[in-house]
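So the structure is just underneath, and the comments pick up after that.
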2 protein chains.
Amino acid sequence: MIGAEQGVFRALADPTRRQILMHLSTGDMTIAEVSNRFEVTRAAIKKHLVILEEGKLISVHTQGRERINKLEPLGLKSATEWLNYFNRFWDDKLDNLKSAIEDHEDTNKENY
Amino acid sequence: MIGAEQGVFRALADPTRRQILMHLSTGDMTIAEVSNRFEVTRAAIKKHLVILEEGKLISVHTQGRERINKLEPLGLKSATEWLNYFNRFWDDKLDNLKSAIEDHEDTNKENY
DNA sequence: AATACATAATACCTTTTGGTATTATGTCAA
DNA sequence: TTGACATAATACCAAAAGGTATTATGTATT
């Protein structure tokens, strides 16, 4: 539960990086191919790719003079698990509320 | 699918803020109660709480001279949904892989 | 070997972020 | 009403983030 997710949440914090992940979900791309899909410089995109790599959300494979960037969806696991803690928490609250309502209904019935 | 999740991802990017959410999952707290659980200043915690509020992950209710901070787990919904896109994506890849293997096995059988 | 090309590395700039310290405001309680 | 207390607001600082421009490096291609 504790703390290996920092790199992932940091990587996801920037909208450009989230869009890069979306693009990479349609197929592997070189830096040039990624940056063609954005207005910013290739250098800026490269920085984003490094941060995504540090967060283990993508892997990079050198192929001649090109570097292929590949999505690693399993890298999102720690973030997903962290969020699930709260989703469970919320579900429990709803269950408790439901039980409380049912109990109340039962109580009412007893009054008749 | 597109873009209301920025506030949430921004809020989740800081480890102190994620810890605050964890603490609030055990019960509502005033600013003082939250900041007692951290080394940093009350003012710093207050700033984090504002960002969490902007991301709709908590709500704040004034009660006399105190302000009660309350977790809003539903605020995590957009982030969860965003991540689910990739979880689905990953599941599909696994399914495809599985089909491919099964197809290959079938092909092999046909050869006997 | 020479040149073009994809990427890396460096330097630099501006804005945002996370933090402290200090002062102000509003509310409770004697 | 006056003092104590919880929070707000402001000013300020250092570091990190996001970006550009420029130069360097390594790989293909001719």
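Throughout, a chain's letter reflects where its sequence line sits, starting with A, and its residues are numbered from 1. Note that this is a predicted model, so its numbers are computed, not measured.
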Nearest-angstrom distance from the residue atom NE2 of A:His48 to P of D:dA16: 18 Å
Atom-pair distance (NZ on B:Lys46; P on C:dG19), nearest Å: 15 Å
Output yes when a side-chain donor or acceptor of A:Arg18 lies under 3.5 Å from a complementary backbone atom of A:Leu12, and no otherwise. yes
C:dT17 OP1/OP2 closer than 4.0 Å to side-chain N/O of B:Arg10: yes
Just the rounded figure in Å: distance from P of C:dC28 to CD of B:Gln63. 10 Å
I'd like to know if the side chain of B:Arg10 reaches the main chain of B:Ile51, judged simply by a donor and an acceptor atom lying under 3.5 Å from each other, with no hydrogens or angles considered. no
Do the side-chain N or O atoms of A:Arg42 get closer than 4.0 angstrom to the phosphate oxygens (OP1, OP2) of D:dA21? no
Starting at CZ of A:Phe9 and ending at C1' of D:dA17, how long is that distance when rounded to a whole Å? 19 Å
Compare side-chain N and O positions of B:Arg17 against OP1 and OP2 of C:dG18 and report whether any pair is under 4.0 Å apart. yes
Give the rounded distance in Å between these two atoms: CG of B:Asp14 and P of D:dA16. 13 Å
Taking any heavy-atom pair under 4.0 Å as a contact, classify B:Ala32: base, sugar-phosphate, or nothing. sugar-phosphate
On DNA chain D, more 5' by nearest nucleotide between A:Glu66 and A:Ala44 is A:Ala44
Over how many whole Å does the gap from B:Gln6 atom CD to C:dT16 atom P extend? 13 Å
Please determine whether residues A:Ile58 and B:Tyr85 belong to a single hydrophobic cluster, defined as Ile, Leu, Val, Met, Phe, Trp and Tyr linked transitively by side-chain heavy-atom distances below 4.5 Å. yes
Please state how far atom CD1 in B:Ile31 lies from atom C1' in D:dT7, giving the value in whole angstrom units. 6 Å
Do any side-chain nitrogens or oxygens of B:Lys47 fall under 4.0 Å of OP1 or OP2 in C:dT17? no
Give a yes or no answer on whether the side chain of A:Arg37 reaches the backbone of A:Gln19 with a donor-acceptor pair at less than 3.5 Å. no
Can you tell me which nucleotide in C:dG18, C:dT27, C:dA4 comes closest to the side chain of B:Arg65? C:dT27
Checking the side chain of A:Glu66 only, and the main-chain atoms of A:Gln63 only, is there a donor and an acceptor separated by less than 3.5 Å? no
What integer distance in Å separates A:Leu12:CG from D:dA17:C1'? 16 Å
Using a cut-off of strictly less than 4.0 Å, decide whether A:Arg67 has a side-chain nitrogen or oxygen near OP1 or OP2 of C:dA8. yes
